[in-house]
Amino acid sequence: MTTTPETGSHIPLKVLDHSELFKDEVYQKQFEGKGEFENGSDAAEVTRVLEWTRGWEYREKNFAREALTVNPAKACQPLGAVLAGLGFEGTLPIVHGSQGCVAYFRSHFARHFKEPVPAASTSMTEDAAVFGGLSNLVEALGNANALYKPKMVALSTTCMAEVIGEDLFAYIGAAKEQEVIPQDYPVPYAHTPSFVGSHLTGYDSMLKGILENLTKTPDAKEPETGGKPRLSIIPGFETYIGNLREYRRILELMGVDPLILGDHSAALDSPATGEYDLYPGGTRLADAATAKFSRATVALQTTTTRKTVELIREVWKQDTVVLETPIGVRGTDQFLTEIARLTGLEIPAELTVERGRLVDALTDSHAYLHGKRVAIAGDPDLVIALTRFVLELGMVPVHLLSTNADKDFKPRMEKVLAASKFGDAATVWPEKDLWHLRSLVFTEPVDLLIGSTYLKYISREANVPLVRVGFPIFDRHHLHRFPIVGYEGGLHLLTQLVNTVLDELDRTSPDHSFDAVR
């Protein structure tokens with residue numbers, strides 16, 4: 001085998017990546033032999049069926065299905081709840097459920113952020129599923145407090161706990177009565193069953209629970225801001241660390257004192273200093289406790305903040321603005337204009353210069369992007385913001401798909417499309433999955449796909465280049481470190497788009513058009 005080193009080699013073992021390893025003759029014969037036991041069809045039949053699934057007849061059957069979801073572009077509620085907890089100082093997310101669930105959440109985030117993700121489990125098993133998980137939860141809270149000493153625990157649930165109807169409020173009370181945690185210990189919680197909703201609703205429920213808990217502090221006082229207007233900013237389920245830092249940079253340039261409610265930028269992008277910090281950064285609990293005193297709150301994702309915005313408007317009675325995620329020129333213009341209105345501050349010249357650079361870059365790249373047909377899939381707020389951006393570029397959105405879209409997604413999307421002459425070709429597909437997208441791409445081809453890592457399979461099969469934007473991105477490194485919001489973020493996103501198109505142009509160019517200058 002190719003992995004066996006030559007006798008006497010100073011290299012003890014040549015380790016091959018699996019993409020090379022399985023080219024070995026031994027593995028190829030094993031693969032061929034599997035057919036004998038799988039009762040598989042011959043190659044001609046496989047090819048025939050494969051081609052059939054790429055046509056209009058199969059597309060109609062595919063879109064007629066109702067009881068089956070194939071490859072959904074979403075994750076489950078408690079994953080979002082874990083991210084919400086990671087955004088606050090000294091906070092340990094604990095998920096009431098089996099160990100396997102938490103292992104999934106931790107690995108999912110670790111593969112995207114390339115960072116360790118602290119999260120604990122109450123380790124429910126078959127016994128707890130029958131008799132209840134009270135003892136599991138009480139023991140988990142006691143162990144977490146003793147071993148990891150978090151300032152706060154963010155508690156959420158999984159399917160198992162929700163199916164048997166676990167009462168988190170009562171269980172937390174029992175833990176305090178048994179004195180495994182102090183009476184004043186903050187344990188905000190959210191019921192996040194995985195069989196409904198998505199990571200977006202889980203994030204929203206947990207963020208609301210955290211803010212409800214922290215703002216009940218009786219001695220919270222209006223903070224000193226040095227005369228700067230304080231605004232609370234809710235980024236939502238934000239998987240671009242660069243976006244969180246860009247929001248802060250922009251607001252501080254404008255003279256705002258920003259209170260970012262859920263800032264996990266340090267927790268999921270910590271430096272290698274030789275020492276491990278279990279709880280780096282996060283929104284300070286004392287600051288979050290004063291959020292109700294902010295001049296206003298600005299939410300930058302609609303679908304991910306509904307319950308939290310309702311709390312702020314109805315309970316805190318605070319001025320609250322919900323904007324589309326500020327991607328591109330128009331999105332950022334709207335964001336800055338609203339900040340200026342809320343605070344009375346002027347937009348600084350530095351941001352005007354950044355806007356001009358983005359407009360100049362759009363002009364430079366316009367010839368290569370104009371008229372390109374695109375398909376976009378992902379979370380609803382991101383798909384809407386990306387669509388608005390590609391329309392600015394003169395690109396033509398064709399398929400706009402969001403598995404976890406709510407009832408407002410389609411009308412919001414249609415409003416964006418109606419505002420541009422390039423929006424006529426688009427069809428909006430709420431609650432559809434990536435197997436639906438496959439049918440769409442084969443029957444109505446596009447020039448470019450925009451979405452998460454999971455679109456790479458369609459990209460390869462349909463021979464359509466993919467621009468990786470959103471969550472999760474497992475197969476490329478460091479994209480999450482750079483912003484895609486604001487004028488600077490728009491420049492990064494433009495760079496990804498146009499260079500993907502140029503890479504494809506080079507790949508497919510005949511010799512006489514393989515130019516050095518593009």
Side-chain angles (χ1 to χ4, degrees), residues 69 72 74-88 90-111 116-210 212-213 237 278-279 307:
T69 299
K74 67 172 185 175
C76 58
Q77 283 207 65
L79 180 134
V82 168
L83 187 66
L86 292 172
F88 290 84
T91 299
L92 178 67
I94 294 182
V95 183
H96 189 38
S98 69
Q99 289 182 341
C101 291
V102 174
Y104 157 63
F105 308 142
R106 294 176 64 183
S107 64
H108 214 64
F109 284 132
R111 288 167 178 166
V117 178
S121 170
T122 59
S123 301
M124 292 178 69
T125 58
E126 292 87 347
D127 288 349
V130 175
F131 300 109
L134 172 60
S135 61
N136 293 72
L137 196 149
V138 170
E139 185 177 1
L141 288 174
N143 288 341
N145 186 39
L147 294 173
Y148 305 120
K149 298 178 173 53
K151 294 183 178 181
M152 182 172 76
V153 165
L155 181 62
S156 57
T157 55
T158 63
C159 297
M160 184 189 298
E162 289 297 321
V163 166
I164 63 176
E166 297 285 80
D167 187 341
L168 296 185
F169 177 78
Y171 287 9
I172 294 167
K176 293 182 176 181
E177 287 177 8
Q178 296 177 33
E179 299 183 348
V180 299
I181 54 174
Q183 286 292 330
D184 59 352
Y185 192 69
V187 187
Y189 65 91
H191 288 277
T192 52
S194 300
F195 44 78
V196 294
S198 73
H199 55 285
L200 303 184
T201 47
Y203 183 95
D204 190 16
S205 295
M206 190 73 255
L207 182 61
K208 178 187 176 184
I210 289 171
E212 275 184 323
N213 186 291
F237 186 89
L278 186 59
Y279 307 114
K307 293 179 181 178

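Note that the numbering runs from 1 along the sequence shown for the chain.
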For the pair [X] (side chain) and [Y] (backbone), establish whether a donor and an acceptor sit closer than 3.5 Å, ignoring hydrogens and angles.
X	Y	value
Asp204	Lys307	yes
His199	Ala75	yes
Ser205	Gly202	no

Checking Leu207 against Phe88 for the side chain to side chain contact (heavy atoms under 4.5 Å, CB included) test, could you report, in this order, the C-alpha distance in whole Å, the side-chain angles of both residues, the deciding distance, and whether it holds?
CA-CA 10 Å; Leu207 182 61; Phe88 290 84; 3.7 Å; yes
Would you find more than 12 non-hydrogen atoms of other residues, nucleotides or ligands less than 6.0 Å from Lys176 atom NZ?
yes
Specify whether Phe237 and Tyr203 have parallel, tilted or perpendicular ring planes, treating 30° as the upper limit for parallel and 60° as the lower limit for perpendicular.
perpendicular
Minimal non-hydrogen separation, [X] against [Y], with atom names:
X	Y	value
Pro188	Asn213	N-ND2, 3.7 Å
Ala129	Met124	N-CE, 4.4 Å
Thr201	Gly197	OG1-CA, 3.4 Å
Ser194	Pro78	OG-CD, 3.4 Å

side-chain contact (heavy atoms from CB on, under 4.5 Å) involving Val163 - partner list, sequence neighbours excluded
Phe195
Measuring from atom [atom1] of [X] to atom [atom2] of [Y], what distance do you get when rounded to the nearest 0.5 angstrom?
X	Y	atom1	atom2	result
Leu92	Met152	CG	CE	10.5 Å
Leu168	Thr157	CG	OG1	6.0 Å
Gln77	Thr158	CD	OG1	11.5 Å

Can you give me every donor-acceptor pair (side chain of residues 93-106, partner residue at least two apart or in another chain, under 3.5 Å) with its distance?
unit_1 : atom_1 : unit_2 : atom_2 : d
His96  : ND1    : Thr122 : OG1    : 2.8
His96  : NE2    : Glu166 : OE2    : 2.9
Gln99  : NE2    : Ser123 : OG     : 3.1
Arg106 : NE     : Val117 : O      : 2.9

Using residues 137-150 as the side-chain source, report each donor-acceptor pair under 3.5 Å to any protein atom, sequence neighbours left out, with the distance given to one decimal.
unit_1 : atom_1 : unit_2 : atom_2 : d
Asn143 : ND2    : Glu139 : O      : 3.4
Lys149 : NZ     : Ala146 : O      : 2.8

For a 4.5 angstrom cut-off between non-hydrogen side-chain atoms, does Thr192 reach Cys76?
no
Side chain to side chain, Ile164 and Phe131, heavy atoms closer than 4.5 Å
no
